[in-house]
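Structure below; questions to follow.
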Amino acid sequence: MAVPSEVRRAQPGDQADGLRRLFSTHTVRFIPVVSNPFVAQESVLIQQICAALEQLGLYTLVVDVCDPVQAPVRTPDDLGSRIQVLTDRTASLSAQGLPARWTSGSGSPHAQGFLRAVVEAAPLSQAVVVHGSASELARLFGRGELHLSRPRPIVICGEQPESMTHAYAALKVLSQRADWRAHDLLVSATTGSAGIRLVKDRLAQCAALFLGGVRHDVVDIDPRAAALSTTASATLMAFMDASLNAAAAFVLPELGRRSPALVTSSPLLQSMV
């Protein structure tokens, strides 16, 4: 990686200790991942992201606002009933359309209430990967209002021209609607492909010239090879380590004052304890 993460700079010989310090208070790290409908096997890329976070020792919830949902949901308890445990440290929540259902008392949209509801439904989570469109992510996270800091999103892109066009359009949406001008890039491509460098360079140039944007960390994944593995590479782990430092930090001190019974009340998360 071109620039080492804050965790590795603080503790170059002990990444685990750096992560312990990062999560010494009850702070949930939200990592927005921008979807790209022109990237095949995008679900494999999300699985690899979760695998890297699990190997870093974190309890992770992936919230997918791209998946269909049927029944209306309003309360954190209902969200908890929809959470599916995938591994000892990873769970998932399909949530398309759900953020808009959380409204303030006056009835106006208050999407960040959804993020708080997610934390309350999965209180053991340390990292929450939110996978959705650029417009949905901009609406969810905004410009850093309330207790939520501004994140650095991960943008997914493939080698196909339409995939690159979509990725640039996503960067434009994030820049205009949320004033996010920094991003990380995850390239889905066959190992050794000559197109990987083209994707990295062209998107970086377009972001800089037309949006005043900056690309920070970048990693490429071969989805066909990744589909055959349940572990993440050291390169991807370093990429996600840096992403954690740039994630949206949501500090909920009231969770630390709850009794242990309430903190672990979600039955589907008992195996994650």
Side-chain angles (χ1 to χ4, degrees), residues 1-24 27-36 39 41-64 86-93 118 122 124-132 137 141 149-158 167 174 180 182-189 191 196 200 214-223 225-227 229-250 272:
M1 309 217 13
V3 180
S5 75
E6 294 296 330
V7 169
R8 292 194 300 280
R9 274 202 292 266
Q11 296 290 338
D14 190 350
Q15 186 182 67
D17 183 61
L19 288 171
R20 284 193 295 271
R21 293 186 179 209
L22 186 65
F23 294 97
S24 58
T27 302
V28 180
R29 302 275 166 170
F30 284 92
I31 304 174
V33 178
V34 185
S35 63
N36 193 320
V39 172
Q41 295 182 290
E42 193 175 51
S43 61
V44 174
L45 305 181
I46 300 299
Q47 290 169 8
Q48 281 286 292
I49 287 175
C50 292
L53 292 171
E54 181 168 351
Q55 288 168 227
L56 287 171
L58 302 181
Y59 293 111
T60 302
L61 176 69
V62 55
V63 180
D64 198 334
L86 304 178
T87 70
D88 287 344
R89 289 182 176 267
T90 305
S92 67
L93 170 65
V118 166
L124 298 179
S125 299
Q126 295 168 297
V128 178
V129 177
V130 186
H131 177 231
L137 293 175
F141 291 92
S149 62
R150 185 178 300 184
R152 191 171 77 211
I154 296 174
V155 176
I156 294 178
C157 187
L174 295 176
W180 296 359
H183 68 281
D184 293 334
L185 180 65
L186 193 163
V187 181
S188 175
T191 302
I196 295 176
K200 295 177 181 179
V214 178
R215 188 203 72 204
H216 286 259
D217 295 291
V218 59
V219 69
D220 54 88
I221 297 178
D222 185 337
S229 175
T230 58
T231 61
S233 66
T235 301
L236 181 56
M237 288 179 64
F239 177 85
M240 293 310 303
D241 175 28
S243 182
L244 283 168
N245 286 280
F250 201 10
M272 295 175 68

Inset, instruction - Specify the closest pair of heavy atoms between Ala247 and Arg29, including all atoms of both residues, with the distance to one decimal. - result: CB-CB, 3.9 Å

Legend entry - Spacing of Ser92 atom OG and Ile46 atom CD1 [to the nearest 0.5 Å]: 11.5 Å

Inset, instruction - Quick one: list whatever passes side-chain contact (heavy atoms from CB on, under 4.5 Å) with Glu54, sequence neighbours left out. - result: Thr87, Arg89, Thr90

Inset, instruction - Return the minimal non-hydrogen interatomic distance between Glu42 and Asn36, and the atom names on each side. - result: OE2-N, 2.7 Å

Inset, instruction - With Ser243 as reference, evaluate Leu186, Leu53, Ile31 under the side chain to side chain contact (heavy atoms under 4.5 Å, CB included) test and give the passing residue. - result: Ile31

Inset, instruction - Return yes if some donor-acceptor pair links the side-chain N/O of Gln55 with the main-chain N/O of Thr231 below 3.5 Å, else return no. - result: no

Legend entry - Heavy-atom donor-acceptor pair, Asp220 side chain to Val187 backbone, under 3.5 Å: no

Inset, instruction - Could you grab the distance from atom CD1 of Ile221 to atom CD1 of Ile49, nearest 0.5 Å is fine? - result: 6.5 Å

Inset, instruction - Kindly give the heavy-atom pair with the smallest separation between Leu174 and Pro153, and that separation in Å. - result: CD1-CG, 3.8 Å

Inset, instruction - Quick one: pull up CG in Leu244 and CZ in Phe30 and give me the separation to the nearest 0.5 Å. - result: 13.0 Å

Legend entry - Where Gln41 and Pro223 come nearest, the two heavy atoms and their spacing: OE1-CB, 3.7 Å

Inset, instruction - Calculate, to the nearest 0.5 Å, the distance between atoms CD1 and CE belonging to Ile154 and Met240 respectively. - result: 4.0 Å

Inset, instruction - Nearest 0.5 Å please: distance from the CG atom of Asp184 over to the CZ atom of Arg215. - result: 9.5 Å

Legend entry - Under 3.5 Å: donor-acceptor pair, side chain of Asp217, backbone of Phe239: no

Inset, instruction - Considering non-hydrogen atoms only, spot the tightest contact between Leu137 and Gly132 and give its length. - result: CD1-O, 3.6 Å

Inset, instruction - Of all the heavy-atom pairs spanning His131 and Ser35, show the shortest one and how long it is. - result: NE2-CB, 3.3 Å

Inset, instruction - Could you tell me the separation between the CG atom of Leu56 and the CG atom of Asp241, rounded to the nearest 0.5 Å? - result: 6.0 Å

